[in-house]
Amino acid sequence: MSLTVLEIPQAAVKKPAQLMMEMRLIRKTRTVLLPILFLACALAQTGDDRFDPIASALRNQEFDKALELLRPALRESPRNAQLWTMQGIGYSGQGHKKEALESFRAALKLSPDYIPALQSAAQIEFDAGSAGAVPLLQHLLRLRPADPTSHGMLAVLQYQQGKCQAAVPHFERAGALFDKQRDALHAYATCLVRLKQLDKARNVFQRTLALNPNDGRERQLLASLQVMTHQPREAITTLEPLLESQPDAATLELASAAYEDAGDTDRAVSALRQAILLDPMNVHLYLDFAAVSAAHQSFQVGINVVNDGIGLQPKAAQLYFARGVLYIQLGQYNEAQADFEKAYQLDPNQSLSVAAQGLAAADANDLDRALATVQTKLERKPNDPILLYLEADVLAQKGEDPGTPEFQRAMQAAKKAVALRPGLGPARAVLAKLYLQSGQYQEAVAQCRKALDIDPKDRTSLYRLVQALRKTGNNAEIPGLLKRLALLRQEATKEDREHSRFKLVEGDTDPTPAIESRP
């Protein structure tokens, strides 16, 4: 099969660093950012002697008295926005939020830009978690663009509505407002993660950890982000206080990922072994071990460890899938086929195990069997984009000529896969190949570019883009693309060489893998 297929099974293996992406930090932030009584003090500075007794009563929290004084004042001046705002503050002080909000709205009808009324109404809506606060805060920011309180309140509300793209700029402009508020910092960091701004998210979590250095969960979250942003040594430092006490399996799993990324495979394996002993029913630990084994061409060791997991979790489809991938590397295609079939039986909705079945058959030079496997499953799931992609890929590898029914079927399957899942890069790569073969060079160029947008390291699509551009006579880009291709090849060679530096082996008596250093 093509190299792109190899990336699909890899996606099914959960990495420890992905713990960060599963944070459950949806906490209701209800911090009162702008106490309404502060506004009472502000309103006292009006210069209008008629309002002094009312402002004084509000300032002294004598709300009944203030409301009593406001009744005749409002009868005398019913179009005075300041009086309506004072009445709202009085009702708010009594806990009558509905009446308070009505008073603030009355003030805003009379004076839409009256800042004390806007602030007070926004505070009540914010405390209730209401989206009604959003237009009020946006109005305030048009009047006072640099107001950190309005930015902070709007950031929290946008976050709670799941609008991280809108929330992040407001978190940033809130400045130091949230420096001591962990929930708000968590919300900010969560949004940054969702937007894949991982470096910024890491920095925010460093601030949250500084607020409570003894919080183990906080350390795990920060270390996870450090692993994800390829700062393994920093992650190890973050985890050290936990590792020096009695680490749990989650800490050891993160430490293993950090050690491996730092090139310390010995400690990575040791940490994973400890994690498995602490939590032997955790499927992901066996998957992590399989991934480390595959990275260091220690396929049999990985199979042996996954066997232990299957013994404890015989219905875990992911474990059969992982073992099947390892069997492929050893050329044991029948065993791989059996494992992928078992994975599909246990989890029929896991199309990736079907994809791997096709991979096993194709790697065994049996494209007909691969095609039959995929098409059988397509009869049950005709709109599965992965299955459609695999059908197109296998047909393309069979070398069918343009214009033949098989070629047209491949083209239709690839187009449908892309339509159903536009972000499926391998499907776009196959579609580009088919366009190139059929002489539709502009279409091939477009699909190659889209595949590279999804995966900038897709060397196959990069090479096909060069081919397609040459066919169109557009040679200006080609020198730069060739340099890019050369760099990608150099990176891949370096990674392969780095992975081959170590090989896991099992001793005759010690079941724990050791590290054999190789030049």
Side-chain angles (χ1 to χ4, degrees), residues 1-12 351-352 354-356 358-359 361-363 367 370-371 373-375 378 382-492:
M1 299 281 278
S2 65
L3 290 175
T4 52
V5 172
L6 296 176
E7 297 169 6
I8 293 179
Q10 298 295 336
S351 298
L352 292 179
V354 180
L359 173 63
D363 275 358
L367 291 172
L371 186 60
T373 299
V374 172
Q375 289 181 339
L378 267 173
N383 292 318
D384 188 306
I386 300 254
L387 293 175
L388 289 163
Y389 149 65
L390 280 171
E391 181 184 40
D393 195 26
V394 174
L395 285 168
Q397 288 184 72
K398 291 185 72 175
E400 305 294 349
D401 293 328
T404 63
E406 290 81 4
F407 188 92
Q408 292 304 318
R409 181 165 185 170
M411 183 74 80
Q412 291 169 4
K415 287 181 177 179
K416 188 173 180 181
V418 167
L420 289 168
R421 188 178 295 180
L424 186 58
R428 291 194 178 277
V430 171
L431 184 55
K433 177 182 179 180
L434 295 170
Y435 277 137
L436 196 59
Q437 291 174 343
S438 62
Q440 300 178 66
Y441 303 125
Q442 294 292 354
E443 291 82 354
V445 167
Q447 291 302 321
C448 286
R449 292 193 193 282
K450 289 178 181 178
L452 288 166
D453 286 341
I454 296 166
D455 180 9
K457 293 187 177 182
D458 182 354
R459 287 178 290 161
T460 301
S461 292
L462 188 55
Y463 179 66
R464 286 183 185 144
L465 177 58
V466 171
Q467 289 180 302
L469 288 171
R470 278 179 176 159
K471 293 291 186 180
T472 63
N474 184 0
N475 297 320
E477 286 185 70
I478 290 177
L481 294 173
L482 290 175
K483 289 180 181 178
R484 180 176 165 189
L485 183 59
L487 287 173
L488 288 176
R489 284 176 174 167
Q490 289 174 1
E491 288 178 10

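Remark: side-chain polar atoms of Arg464 are paired, donor with acceptor, to backbone N or O of Ala429 under 3.5 angstrom.
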Exercise for review: Determine, step by step, whether Val466 and Leu485 satisfy the side chain to side chain contact (heavy atoms under 4.5 Å, CB included) criterion, reporting the C-alpha distance in whole Å, the side-chain angles of both residues, the deciding distance to 0.1 Å, and the verdict.
Suggested key: CA-CA 10 Å; Val466 171; Leu485 183 59; 5.6 Å; no
Exercise for review: For Glu391 and Lys416, run salt bridge (charged side-chain N to carboxylate O under 4.0 Å, His left out): C-alpha distance rounded to whole Å, both residues' side-chain angles, the deciding distance at 0.1 Å, then the answer.
Suggested key: CA-CA 11 Å; Glu391 181 184 40; Lys416 188 173 180 181; over 6 Å; no
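Using a 4.5 Å heavy-atom threshold, the side chains of Leu481 and Leu469 count as touching. Here the side chains of Arg428 and Pro422 are in contact, with some heavy-atom distance below 4.5 Å. Between Met411 and Tyr435, some side-chain heavy-atom pair lies under the 4.5 Å cut-off. Side-chain contact between Leu434 and Phe407: present, with at least one pair of heavy atoms (C-beta onward) separated by less than 4.5 Å. Counting only heavy atoms from C-beta outward, the side chains of Lys450 and Val418 never approach each other to under 4.5 Å. Leu487 has its side chain out of reach of Lys483: every pair of non-hydrogen atoms, C-beta onward, lies at least 4.5 Å apart.
Asn475 and Arg470 get closest at one heavy-atom pair: OD1-CA, 3.8 Å. Shortest non-hydrogen contact noted between Ala451 and Gly425 is CB-O, 4.0 Å. In this structure, Leu436 and Tyr441 approach most closely via the heavy-atom pair O-CE2, 3.6 Å. Taking each heavy atom of Arg484 and Leu452 in turn, the nearest pair found is NH2-CD2, 4.0 Å. Of all non-hydrogen atoms in Leu388 and Ala417, the two that sit nearest each other are CB-CB, 3.9 Å. Between Ala432 and Gln447, the shortest heavy-atom distance links the atoms CB-CB, 3.8 Å.
Distance check, rounded to the nearest 0.5 Å: CG of Leu420 to CG of Leu387 gives 11.0 Å. Taken from CG in Leu371 to CG in Asp393, the straight-line distance is 11.0 Å, to the nearest 0.5 Å. The CZ atom of Arg449 sits 10.5 Å away from the CG atom of Leu462 when rounded to the nearest 0.5 Å. Between the CD atom in Gln437 and the CG atom in Asp401 there is a gap of 9.0 Å [rounded to 0.5 Å]. Taking CD of Glu400 as the reference point, atom CZ of Arg409 lies at 11.5 Å (rounded to 0.5 Å). To the nearest 0.5 Å, atoms CG (Asp384) and CG (Leu390) are separated by 9.0 Å.
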